[in-house]
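Here you go, one structure.
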Amino acid sequence: MSLLVEYSLKPGMKSAQEEALRDLVQGLQSEGVSGCHYSGFSTDDETKFLGLLEFDDDAGKQAFLGSAAFAAYREGAADRFTAPPKTRDVFGVASTRD
């Protein structure tokens, strides 16, 4: 179970988004949230970012959604985003990840 998240940022918010994503990951690790993996990516367009959420199962997804780190990330989102992130389910086909 995985989600691709597409973020559209207000101009000039690239650094703030990078910091917010680093804080999110650090917070998830500090909380010991398990059953999920998050990877954030910038693109060649400074207003476009991508996130990949991989969940082991529904419990992992709920652990992420209920985390303090995700709550803190969402609090500042309105200042950075032009619209709510777009999400879509994606399905793994092949990976070098265990």
Side-chain angles (χ1 to χ4, degrees):
M1 166 183 327
S2 301
L3 285 175
L4 180 66
V5 184
E6 299 176 63
Y7 309 100
S8 293
L9 305 179
K10 296 175 183 174
M13 297 306 292
K14 179 182 180 184
S15 293
Q17 179 67 3
E18 290 174 340
E19 183 177 342
L21 290 176
R22 287 186 194 104
D23 289 346
L24 171 63
V25 168
Q26 183 179 36
L28 292 168
Q29 291 170 333
S30 295
E31 283 181 66
V33 176
S34 62
C36 69
H37 301 281
Y38 178 85
S39 299
F41 303 90
S42 64
T43 70
D44 59 352
D45 178 342
E46 72 174 31
T47 66
K48 304 292 183 194
F49 275 69
L50 299 171
L52 179 61
L53 286 152
E54 299 173 274
F55 304 109
D56 293 345
D57 51 28
D58 193 55
K61 183 177 181 180
Q62 294 310 312
F64 172 81
L65 293 174
S67 70
F70 183 56
Y73 176 80
R74 289 180 58 196
E75 283 181 24
D79 294 336
R80 297 185 306 273
F81 298 168
T82 59
K86 295 178 186 176
T87 62
R88 73 175 88 167
D89 292 331
V90 292
F91 307 92
V93 174
S95 176
T96 58
R97 185 180 207 156
D98 292 337

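Everything numeric here is computed off the predicted structure, so don't read it as measured data.
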* **CD-CG distance between Glu6 and Leu50, expressed to the nearest 0.5 angstrom** => 6.0 Å

* **Result of checking Pro85, Pro84, Ser42 against Tyr7 for side-chain contact (heavy atoms from CB on, under 4.5 Å)** =>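 Between Tyr7 and the candidates, side-chain contact (heavy atoms from CB on, under 4.5 Å) is satisfied uniquely by Pro85.
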
* Structure fact -> So CG of Leu52 and CG of Leu4: to nearest 0.5 Å the spacing works out to 6.5 Å

* Could you walk me through whether Leu3 and Asp89 pass the side chain to side chain contact (heavy atoms under 4.5 Å, CB included) check? -> CA-CA 5 Å; Leu3 285 175; Asp89 292 331; 3.1 Å; yes

* To the nearest 0.5 angstrom, please state how far the CG atom of Leu24 sits from the CD atom of Gln29. => 9.5 Å

* Asked: Is there a path from Met13 to Phe41 through hydrophobic residues (I, L, V, M, F, W, Y) whose side chains come within less than 4.5 Å of each other?
  -> no

* Taking atom types as modelled and ignoring hydrogens, do the side chains of Ser8 and Lys48 form a donor-acceptor contact shorter than 3.5 angstrom? -> yes

* In Å and rounded to the nearest 0.5 Å, what is the OG1 to NZ distance from Thr47 to Lys10? -> 13.0 Å

* Asked: How many angstroms lie between CG in Leu65 and CZ in Arg74, if you round to the nearest 0.5 Å?
  -> 8.0 Å

* Gap between atom CG of Asp23 and atom CG of Leu28 - 0.5 Å precision -> 11.0 Å

* Does any N or O in the side chain of Lys61 come within less than 3.5 Å of the main-chain N or O of Cys36, such that one atom is a donor and the other an acceptor? ->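 Not confirmed, Lys61 side chain does not pair with Cys36 backbone.
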
* Ala69 versus Gly27, closest heavy-atom pair with distance ->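 So the two residues come closest at CB-C, 3.6 Å.
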
* Could you tell me whether Gln62 atom CD has more than 12 heavy atoms of other residues or ligands within 6.0 Å of it? => yes

* Worked verdict on Phe49 versus Lys14 for side chain to side chain contact (heavy atoms under 4.5 Å, CB included) -> CA-CA 9 Å; Phe49 275 69; Lys14 179 182 180 184; 3.9 Å; yes

* Which class fits the ring pair Phe64 and Phe70: parallel under 30°, tilted 30 to 60°, perpendicular over 60°? -> tilted

* Counting only N and O atoms by type, is there a donor-acceptor contact under 3.5 Å from the side chain of Gln17 to the main-chain atoms of Arg80? ->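 No.
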
